[in-house]
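Order of the sequence lines sets the chain letters (A, B, ...), proteins ahead of strands, with each chain counted from 1. Quick caveat: nothing in here was measured; it's all calculated off a predicted structure.
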There are 2 protein chains.
Amino acid sequence: MASLTSGAYPPSLKAEEQDALIETVKDWSIGNGLAVRPPPTVIAAGADPKAITAINVPVTLFPSPFPRQCFTQAKSVQKTYNELYASVSRDEEFLAQVVKEVGGGDEFIRDLWNVHQKVKAEGYTQPLSLGLFRSDYMVHQDTTSSTPTLQVKQVEFNTIAASFGGLSTYTSRLHQFLAKTEYPLLESSIAEGALDLPENATATGLAAGIESAYHAYPESDLGHQRAVIFLVQGGERNVFDQRHLEYQIAKASPTIPVFRLAYADVLKHTTLAATTKRQLLYRLPRNPSKVYEVAVIYMRSGYDPSDYPGQEAWDARYHLERSHAIKCPTILTQLAGTKKVQQILTTPKSFSTPSALSKFIKDDTDDAAELWRSFTNIYPMDMSEAGLEARKKALDPQLCQAYVLKPQREGGGNNIYRGAIPPFLKSVPEEHWGSYILMELISPPLSKTSSSATVTWSRVVSFAN
Amino acid sequence: MASLTSGAYPPSLKAEEQDALIETVKDWSIGNGLAVRPPPTVIAAGADPKAITAINVPVTLFPSPFPRQCFTQAKSVQKTYNELYASVSRDEEFLAQVVKEVGGGDEFIRDLWNVHQKVKAEGYTQPLSLGLFRSDYMVHQDTTSSTPTLQVKQVEFNTIAASFGGLSTYTSRLHQFLAKTEYPLLESSIAEGALDLPENATATGLAAGIESAYHAYPESDLGHQRAVIFLVQGGERNVFDQRHLEYQIAKASPTIPVFRLAYADVLKHTTLAATTKRQLLYRLPRNPSKVYEVAVIYMRSGYDPSDYPGQEAWDARYHLERSHAIKCPTILTQLAGTKKVQQILTTPKSFSTPSALSKFIKDDTDDAAELWRSFTNIYPMDMSEAGLEARKKALDPQLCQAYVLKPQREGGGNNIYRGAIPPFLKSVPEEHWGSYILMELISPPLSKTSSSATVTWSRVVSFAN
């Protein structure tokens with residue numbers, strides 16, 4: 001791989017070269033399912049009344065360079081992360097504390113917690129949960145050290161509806177196709193071998209996680225066939241990302257029925273068996289004589305407040321949570337993915353108190369050291385000593401430039417960056433500031449590439465509750 | 001497979017079942033490259049100015065039933081057809097006679113022939129040609145026999161730009177996916193095993209034909225890398241059908257460079273080496289330092305008069321034909337695919353004259369018998385005795401109902417059916433009637449299915465000239 005900072009990569013393209021490359025990418029993407037349904041800003045709904053069009057997924061024309069040692073570091077730490085988050089999601093007391101700290105300013109987190117509390121009161125009947133996790137990293141260059149070092153630093157850890165696992169397998173194949181067919185043709189050509197592109201088997205891996213959970217769910221006592229439900233948002237445009245997992249399951253485990261169910265239809269099409277187990281039964285809308293016992297609920301919805309427009313949506317979540325289906329994820333696993341948990345786990349020990357991390361991973365182990373290397377500085381925004389110090393930085397028009405302020409939400413769209421932080425904070429009641437965290441911006445090395453973020457995927461079937 | 005005529009297939013669908021099935025088909029198609037670029041009647045050009053949208057290929061929701069014995073019959077006769085048409089395309093004298101018979105009323109055929117004559121005069125330098133053939137059949141039910149028999153009858157034999165080989169592989173996979181996942185869910189369900197769907201390996205087979213031709217072309221004397229050119233029409237919408245062959249070549253033979261070249265750009269981007277061989281050299285437009293010796297020209301254009309809007313297009317065809325590249329097809333192979341050839345080959349011997357077929361395939365062999373079984377009645381429209389009799393049928397308002405009148409063109413769009421034949425003929429100068437053939441309509445058995453046509457694909461590298 002060309003040096004990350006040499007300026008020789010990606011190669012500069014003449015207009016004709018760029019046009020030809022784009023044409024190849026457009027066709028390959030559609031020809032291989034690297035597609036999305038277009039947003040109305042691209043194809044007006046009136047122009048496509050039956051919603052039949054698809055477009056290629058936006059991709060970079062060249063794979064983004066990523067230092068090999070950082071890639072290896074990210075892959076190597078993943079299993080430890082999986083185990084860490086599986087442990088966190090089993091530690092209700094720890095999560096209760098987190099909710100207490102952010103719940104004052106975050107109604108959504110509070111509502112999720114309340115659902116868990118209600119189910120806990122009557123008793124969970126399903127000890128298993130499935131985690132399909134995505135850990136996001138950026139390369140950080142430590143310029144303060146005398147020999148600048150490159151390390152991956154974790155941006156966030158996703159425990160619900162983590163997307164792009166299905167499509168990333170195809171993006172990887174696209175770049176491999178281009179490396180074989182197109183890059184060698186450029187005037188500033190890249191030799192095929194120079195790129196050293198790793199395989200990306202994410203779709204297979206995630207599907208295998210769902211298959212494992214399905215097989216971990218015993219045959220129905222009630223005589224029904226077992227099934228997997230993909231719980232989706234209405235009008236989902238990123239449907240092929242999800243479908244690729246479904247197609248992979250159909251290929252690897254053709255006997256597993258998989259159904260897509262819109263979150264808004266949960267109470268319409270599912271019921272709980274009147275048993276102590278409370279099995280989740282799915283009645284096929286198009287053919288109500290077919291009733292399935294849901295072994296796995298794979299949530300690609302339910303992560304954002306907008307998925308809960310009213311009480312019925314909360315009732316639906318409660319309905320699912322108290323069911324016997326293996327949830328991917330449970331509410332506790334979902335809460336383990338909050339930024340506040342990330343902030344607490346990444347906060348080092350002080351003289352008097354051990355680190356929170358040491359509760360879950362033994363100190364002085366290689367695993368713990370690997371985790372610490374991947375952490376960046378994240379601060380609370382509460383009334384603690386560290387929180388008060390963070391507030392000062394966040395409100396300072398100079399110091400705030402090095403930070404991002406994050407709420408307890410999925411997706412980067414809710415983040416507040418740099419100079420926008422002080423005015424934003426002033427618009428929020430001070431008693432809610434504690435529901436945010438302040439994160440040091442990661443400094444990727446300077447490069448001409450469009451992106452230097454990477455993501456590692458993993459799966460873990462963890463025991464919860 | 002449900003009986004072809006039982007009425008139980010395809011199953012009747014409730015509206016919800018049909019909607020769910022369509023949704024699955026729409027997503028699977030895009031997720032697996034079973035796609036086309038939309039026509040402007042579906043997505044207005046103004047709504048998609050950068051031409052990024054794709055839509056699913058139109059397919060039937062259920063595989064069309066096809067009697068097993070007919071499928072076996074079509075597969076079994078294919079090799080004989082390949083050999084027959086390879087022989088026909090090597091028989092210049094025979095083709096000269098065909099051109100003489102239709103050329104009076106068909107300028108296009110005459111122009112193609114003239115190109116061949118010019119190249120012949122200076123001498124072909126390439127003895128090999130590649131045929132990627134598609135033979136189209138319908139099931140014919142002979143109701144005149146006491147026990148009605150089902151047989152495949154050939155509709156036509158395509159020797160140039162035969163399409164849908166790439167996509168048909170995916171249509172077959174779609175129906176296999178539906179047979180596993182969707183059909184068992186219907187109220188009038190079809191058991192999975194009941195369908196007995198054969199594998200369709202057309203894309204692999206056609207690509208392997210191109211790969212074979214590439215390897216049959218020796219390494220360049222001039223020191224260039226060899227390449228394959230897909231010669232396409234400008235603004236091709238059926239691009240994924242073609243791309244799938246390209247992707248298959250990239251997968252199976254990653255060292256073979258494949259380029260798409262618009263027919264209109266042939267003279268701009270290719271030259272002939274000033275050698276006795278006249279190698280075809282392709283200069284990569286986006287990077288003119290890259291020059292390739294074209295081993296194979298795979299024509300997905302040049303089959304219709306509209307591909308030749310002026311003299312330059314004919315010059316381009318001459319340029320290609322006289323080059324050393326292996327043509328798929330040569331002009332002679334293209335001419336072998338005319339309806340007139342089909343009519344002549346399918347005309348039985350009379351008392352005094354042997355059949356034309358016996359020139360190519362020995363009479364009284366199983367191969368010949370298989371061919372005869374697949375022929376339907378096709379008549380000349382010339383001044384011969386048979387032709388005069390056919391003209392009578394074609395002009396009779398009753399008798400014409402059993403026929404289709406076909407010109408020497410690719411694609412069904414030019415055919416004239418049943419009652420439209422008499423007025424059409426009256427609009428054409430009588431001296432041109434001989435350029436048409438009159439074909440008995442094939443009588444498929446009555447069934448509820450939308451289509452009972454099938455197609456078998458094959459490839460053959462034949463020696464021509």
Side-chain angles (χ1 to χ4, degrees), chain A residues 13-24 26-38 42-44 46-48 50-56 166 177 180-181 184-187 189 192 239-240 242-244 246-247 250-251 254-255 257-260 284-290, chain B residues 13-24 26-38 42-44 46-48 50-56 166 177 180-181 184-187 189 192 239-240 242-244 246-247 250-251 254-255 257-260 284-290:
Chain A
L13 298 178
K14 290 184 305 177
E16 308 91 287
E17 290 182 319
Q18 183 167 312
D19 291 348
L21 197 51
I22 288 172
E23 207 55 32
T24 299
K26 275 170 59 182
D27 283 355
W28 192 97
S29 298
I30 295 294
N32 292 273
L34 185 52
V36 289
R37 297 284 178 200
V42 172
I43 303 296
D48 180 19
K50 290 190 173 170
I52 58 172
T53 59
I55 57 173
N56 52 292
F177 177 79
K180 274 198 300 197
T181 61
L185 305 178
L186 299 171
E187 287 196 355
S189 84
E192 187 190 331
V239 60
F240 304 107
Q242 303 168 353
R243 287 284 198 185
H244 283 309
E246 180 186 338
Y247 302 152
K251 194 173 145 193
T255 58
V258 176
F259 301 104
R260 292 171 66 81
L284 191 65
R286 69 195 103 145
N287 180 2
S289 73
K290 297 266 179 193
Chain B
L13 298 179
K14 289 183 305 175
E16 308 91 287
E17 290 182 320
Q18 183 167 315
D19 291 349
L21 197 50
I22 288 173
E23 207 54 31
T24 299
K26 275 169 60 179
D27 283 356
W28 192 97
S29 298
I30 294 295
N32 291 273
L34 184 53
V36 290
R37 297 286 178 200
V42 172
I43 302 298
D48 179 20
K50 290 190 174 169
I52 56 171
T53 58
I55 58 173
N56 52 291
F177 177 80
K180 274 197 301 198
T181 61
L185 305 179
L186 299 172
E187 287 196 355
S189 83
E192 188 190 330
V239 59
F240 304 107
Q242 304 169 353
R243 288 285 199 184
H244 283 309
E246 179 186 337
Y247 302 152
K251 194 172 145 195
T255 58
V258 177
F259 301 105
R260 291 171 66 82
L284 192 65
R286 70 198 103 146
N287 180 1
S289 73
K290 298 265 179 194

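Of the atoms belonging to A:Lys26, heavy atoms from both backbone and side chain fall under 4.5 Å from chain B. Looking at B:Leu284, the atoms closer than 4.5 Å to chain A (heavy atoms on both sides) all sit in the side chain, from C-beta outward. Interface residue A:Leu186: only backbone heavy atoms are found under 4.5 Å from chain B.
Your options are A:Ile52, A:Val239, A:Leu34, A:Asp27, and the one with the most heavy-atom pairs under 4.5 Å with chain B is A:Asp27. Counting heavy-atom pairs closer than 4.5 Å to chain B, the top-ranked of the candidates A:Asn287, A:Asn56, A:Val258 is A:Asn287. Across B:Ile43, B:Ile55, B:Leu185, B:Asn32, the residue that shares the most heavy-atom pairs under 4.5 angstrom with chain A is B:Leu185. By number of non-hydrogen pairs under 4.5 angstrom with chain A, the leading residue of B:Ala44, B:Ala35, B:Ala250 is B:Ala250. For the set B:Arg260, B:Lys14, B:Glu16, B:Arg243, the entry with the most heavy-atom pairs within less than 4.5 Å of chain A is B:Arg243. The most heavy-atom pairs under 4.5 Å with chain A, out of B:Ser289, B:Ala47, B:Ala15, B:Ala54, come from B:Ala54.
Residues A:His244 and B:Gly31 approach most closely at CE1-O, 3.2 Å, considering heavy atoms. Residues B:Pro288 and A:Glu187 come closest through the heavy atom pair CD-OE2, 4.0 Å.
Here the straight-line distance linking atom CZ of A:Arg286 with atom CG of B:Leu13 works out to 10.5 Å at 0.5 Å rounding.
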